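All remarks here apply to the structure that follows.
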Amino acid sequence: GEDVEQSLFLSVREGDSSVINCTYTDSSSTYLYWYKQEPGAGLQLLTYIFSNMDMKQDQRLTVLLNKKDKHLSLRIADTQTGDSAIYFCAAASPVGSSNTGKLIFGQGTTLQVKP
Amino acid sequence: GAVVSQHPSRVICKSGTSVKIECRSLDFQATTMFWYRQFPKQSLMLMATSNEGSKATYEQGVEKDKFLINHASLTLSTLTVTSAHPEDSSFYICSAARLDTDTQYFGPGTRLTVL
């Protein structure tokens, strides 16, 4: 089955760029997502990329997908202290007529932003 | 748009009792909802897929008689933890799949503590 891996921790200074990396194993994954979780809260969808795309930019967020290497990254430009949270990448495998299907999550990367 | 609510947000119960958690999509219809469980400092583990009008599909290792799922309408799914034990204490998060965007949106989670 699908396996999604992330590095566990990243520390950056405020104003720097953050890059969070993720690898997955199932080449049939259709969508790849990035979620943000703050302490004691649910998950907030940040962005997603369809598997036939290489890059997607949304304001301060840039997602890069290397489908050949099954590598996904999330770049946060001008990182702020409010960006401190756990970031999960997730790979979706199709189920029935839905491309969303089942999400398999990575372990989460804790982003620490120092003032 | 795409708001998912959960109720209650926090519940404490005695061992042996049953607890019901509700998941609602507030501004869209969801034929499919998912239930996840998250242990402290760990990733989300999919427990089951809930389909409106049919039986839920449980992941391997999840007891369907212990975690009862009912998807009564296109906006409501419930998870009942029956005869709860302290090891059932966890953070339970639901998500609802929005058909028009084929994206899962997550609820804020329910913290269950079994004494």
Side-chain angles (χ1 to χ4, degrees), chain A residues 1-9 20 22-24 26 29-53 56 58 63 85-112, chain B residues 1-10 21 23-25 28 30-52 54 56-62 90-113:
Chain A
E2 175 75 275
D3 189 27
V4 179
E5 299 276 339
Q6 294 177 243
S7 53
L8 296 181
F9 186 79
I20 302 171
C22 173
T23 59
Y24 60 100
D26 189 351
S29 292
T30 50
Y31 283 87
L32 296 139
Y33 296 86
W34 285 103
Y35 288 90
K36 177 182 179 182
Q37 186 179 36
E38 297 185 17
L43 272 70
Q44 174 194 352
L45 175 65
L46 289 178
T47 187
Y48 64 93
I49 189 168
F50 191 50
S51 58
N52 68 353
M53 297 169 65
K56 181 179 180 181
D58 184 2
V63 179
I86 301 176
Y87 291 80
F88 290 95
C89 77
S93 300
V95 172
S97 60
S98 170
N99 282 320
T100 299
K102 181 190 290 191
L103 289 187
I104 303 298
F105 284 83
Q107 312 95 306
T109 299
T110 298
L111 174 63
Q112 179 188 68
Chain B
V3 178
V4 177
S5 70
Q6 280 185 242
H7 177 79
S9 58
R10 194 178 285 268
I21 303 170
C23 177
R24 291 182 187 272
S25 56
F28 65 98
T31 56
T32 305
M33 291 184 173
F34 302 86
W35 287 96
Y36 295 84
R37 184 174 180 176
Q38 186 181 30
F39 290 104
K41 299 188 188 301
Q42 293 190 27
S43 186
L44 281 74
M45 298 299 294
L46 179 65
M47 297 173 66
T49 302
S50 166
N51 298 295
E52 188 265 338
S54 64
T57 304
Y58 290 82
E59 294 300 300
Q60 195 172 6
V62 178
S90 190
F91 195 51
Y92 292 87
I93 304 178
C94 74
S95 72
R98 182 168 177 161
L99 288 178
D100 56 348
T101 60
D102 210 8
T103 302
Q104 286 188 37
Y105 292 89
F106 284 78
T110 297
R111 173 77 58 195
L112 171 63
T113 303

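Quick note on labels: first sequence line is chain A, next is B, and so on, each numbered from 1. Note that the coordinates shown come from a computational prediction; the quantities given were computed from them, not determined experimentally.
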Can you find a heavy atom in the side chain of A/Gln37 that is under 4.5 Å from one in the side chain of B/Phe91?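 They are in contact (side-chain heavy atoms under 4.5 Å apart), so the answer is yes.
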With a 4.5 Å cut-off on side-chain heavy atoms, are A/Leu45 and B/Phe106 touching?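 No; the side chains remain at least 4.5 Å from each other.
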Counterpart residues, salt bridge (charged side-chain N to carboxylate O under 4.0 Å, His left out), relative to B/Glu59 (two or more places apart):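 With neighbours one apart ignored, the set is A/Lys102.
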Hey, which of A/Tyr33, A/Tyr31, A/Tyr35 is the one that makes side chain to side chain contact (heavy atoms under 4.5 Å, CB included) with B/Gln104?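 Option passing the side chain to side chain contact (heavy atoms under 4.5 Å, CB included) with B/Gln104: A/Tyr35.
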What is the distance from atom CZ of A/Phe88 to atom CD of B/Gln38, rounded to the nearest 0.5 Å?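 Reported value, rounded in 0.5 Å steps: 5.0 Å.
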Report which part of B/Leu44 has an atom under 4.5 Å of a heavy atom belonging to chain A: side chain, backbone, both, or neither.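 Contact with chain A: backbone and side chain both.
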Heavy-atom contact with chain B under 4.5 Å, split by part of A/Leu43: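 Contact with chain B involves both backbone and side-chain atoms of A/Leu43.
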Against chain B, label A/Gln6 side chain, backbone, both or neither, depending on which of its atoms sit under 4.5 Å from a heavy atom there.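 Neither part.
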Chain B interface, residue from A/Gly108, A/Ala41, A/Ala90 that has the most non-hydrogen pairs under 4.5 Å: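 Of the candidates given, the most pairs with chain B belong to A/Ala41.
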